[in-house]
Amino acid sequence: MLNIALFGPPGAGKGTQSQFLIEKYKLFYISTGDLLRKEIAEKSRLGLEAQNIIASGGLVPDEIIVQIIEKTITENPDANGFLFDGFPRTYIQAYILDGLMIKLNTSLDCLISLEVPEEVSVKRLLERGATSGRSDDNEKVIRNRLKEYSDKTLPVLNYYQDKGIYHGIDGTESIEKVSLKIGEIIKEELSKSLLNIVLFGYPGSGRGSQGIALAKKFGLEYVATGPMLEHEIRENTEMGKKIIDLYESGNLVPDEIVVQLIEKKLANSKDVKGFIFKGFPRTLVQSYILDGLLRKHGTSISEVIEIEVPTLELIKRLDARSKTDRCMPYDTSTSKIVKRLQEHESKTVPVIEKYNQLHRVVKVDGVGDFEKVFARISSHLESKFKNIG
Ligand code: AP5
Ligand code: MG
């Protein structure tokens with residue numbers, strides 16, 4: 001997800017630059033000014049409350065803003081990212097935005113401030129006023145909007161300066177030059193952000209081999225709890241011994257063990273483009289742990305993919321594998337295989353449902369040979385994340 005806020009006084013060019021940004025990055029556009037004007041046109045309760053305030057150039061109460069913005073964000077949880085125009089405009093709104101982003105398990109990547117002197121704002125808005133039909137595009141109201149901006153909105157910049165995500169741009173340059181500068185800032189931001197994929201699928205769906213191949217293709221770090229656990233077994237560590245007992249009784253390894261391993265992996269992976277998680281999170285508890293671990297590293301989940309394969313086909317595949325030398329210690333018999341499938345059904349399916357509500361899980365058909373399935377997943381990732389590869 002890429003979340004950007006455009007900041008600046010009235011007439012700075014926020015609306016103008018938004019057009020270019022929405023197209024280029026396929027962001028979901030949220031302009032509180034437009035949303036309020038829509039409410040006014042519809043004569044809704046919120047619109048009626050806001051109408052006179054807007055006409056006089058004052059700021060609409062945060063209580064109204066939080067209602068319209070929350071509704072818009074939560075109705076679009078599967079957006080590629082959000083572009084905020086004219087929000088946040090007060091300190092309170094900055095906190096509201098943080099809260100909403102946390103709810104979607106994401107964060108604001110950058111706040112771009114278009115800086116123009118007052119007289120430029122006034123001149124531009126008076127020109128726009130000739131055709132805009134906006135009740136607030138006349139000199140008296142423009143001056144009041146500018147005063148509100150410098151009194152209440154400008155101080156909000158400190159909040160973002162402290163967070164280290166503020167970028168100021170000279171907004172008096174031509175529209176094209178301003179667009180170019182914004183593009184550069186976002187490019188830099190995108191190169192910093194990690195691509196984190198969670199790969200789901202029943203045992204036997206091919207998620208392991210797909211995960212390894214995807215990690216290789218896109219330069220991601222493959223994080224699979226299975227191999228990490230096996231490593232402990234091979235090294236015959238204390239942890240490894242405990243794990244063997246659990247495997248043999250067909251149970252899941254407790255979170256305390258898994259968390260330590262993942263934590264170590266994240267901490268030791270420097271200069272990677274992102275992570276691909278396979279076989280984790282397996283339980284709701286683990287899904288919260290993963291959110292916390294990623295947040296600690298200043299990042300979050302970018303995409304959740306589920307490889308779908310019908311149950312009968314899964315059993316066939318696992319049974320066939322158990323008769324080869326690729327047999328895993330946890331599927332040496334049909335009853336163990338069935339137990340694992342049941343475990344997935346009862347513990348992991350609720351996790352997928354949770355992610356479905358938050359991120360919309362992308363379902364990929366896992367039937368067909370390896371290359372076909374690989375091509376399906378790769379092309380989805382390439383079309384969604386233009387900066388990978
Ligand atoms: P809102 O609709 O957000 O208006 P605003 O902040 O006053 O900003 P404008 O839309 O006037 O300017 P803009 O920066 O988008 O500039 P534009 O691209 O159009 O808010 C309206 C009201 O709603 C507020 O006063 C408040 O009451 C209420 N409100 C909204 N959000 C709120 C919130 N979060 N909390 C509380 N109240 C809220 O460009 C302007 C003109 O300049 C155009 O004609 C354009 O063609 C031209 N132009 C743009 N860039 C350039 C350039 N580089 N060179 C030359 N000309 C340019
Ligand atoms: Mg605007």
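Every number for a ligand or one of its atoms is a count from 1 in the order of the listing.
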Atom NZ of Lys363 with >12 non-hydrogen neighbours under 6.0 angstrom: yes
Aromatic contact, Tyr159 with Tyr95 (centres under 6.0 Å): yes
Test item: Arg282 side-chain N/O and Gly279 main-chain N/O as donor-acceptor pair under 3.5 Å: yes
Crowding at NZ, Lys265 (>12 non-hydrogen neighbours, <6.0 Å): yes
Min N/O separation Thr172 to ligand 1 under 3.5 Å: no
Proximal ligand 1 atoms for Gln93, defined as those under 4.0 Å from one of its heavy atoms: 33 (C), 34 (N), 35 (N), 36 (C)
Distance filter under 4.0 Å to Asp136 heavy atoms, resulting ligand 1 atoms: 21 (C)
4.0 Å heavy-atom contact, Glu173 with ligand 1: yes
Cationic N near anionic O, under 4.0 Å, Glu230 to Arg234: no
Proximity of Asp62 to ligand 1 by residue part, where a heavy atom lies under 4.0 Å: neither
Per-residue contact class, Leu36 against ligand 1 - non-hydrogen pairs under 4.0 Å: side chain
Ligand 1 contact by Glu127, heavy-atom criterion under 4.0 angstrom: no
Close approach of Gln17 to ligand 1, heavy atoms, under 4.0 angstrom: no
Ligand 1-proximal atoms of Ser174, by part, heavy-atom distance under 4.0 Å: backbone
Heteroatom proximity flag, Gly13 to ligand 1, N/O under 3.5 Å: yes
Sidechain N-carboxylate O distance under 4.0 Å for Lys217, Glu382: yes
Heavy atom of Gly58, distance to ligand 1 below 4.0 Å: yes
Option set Arg134, Lys14, Arg124, criterion heavy-atom distance to atom 4 (O) of ligand 1, minimum: Arg134
Salt-bridge contact Arg207-Glu306 (side-chain N to carboxylate O under 4.0 Å): no
Test: Lys296 and Glu263 ion pair at under 4.0 Å: yes
Heteroatom proximity flag, Thr32 to ligand 1, N/O under 3.5 Å: yes
Salt bridge present between Arg37 and Asp34 (N-O < 4.0 angstrom): yes
Contact (N/O only, under 3.5 Å) between Leu59 and ligand 1: no
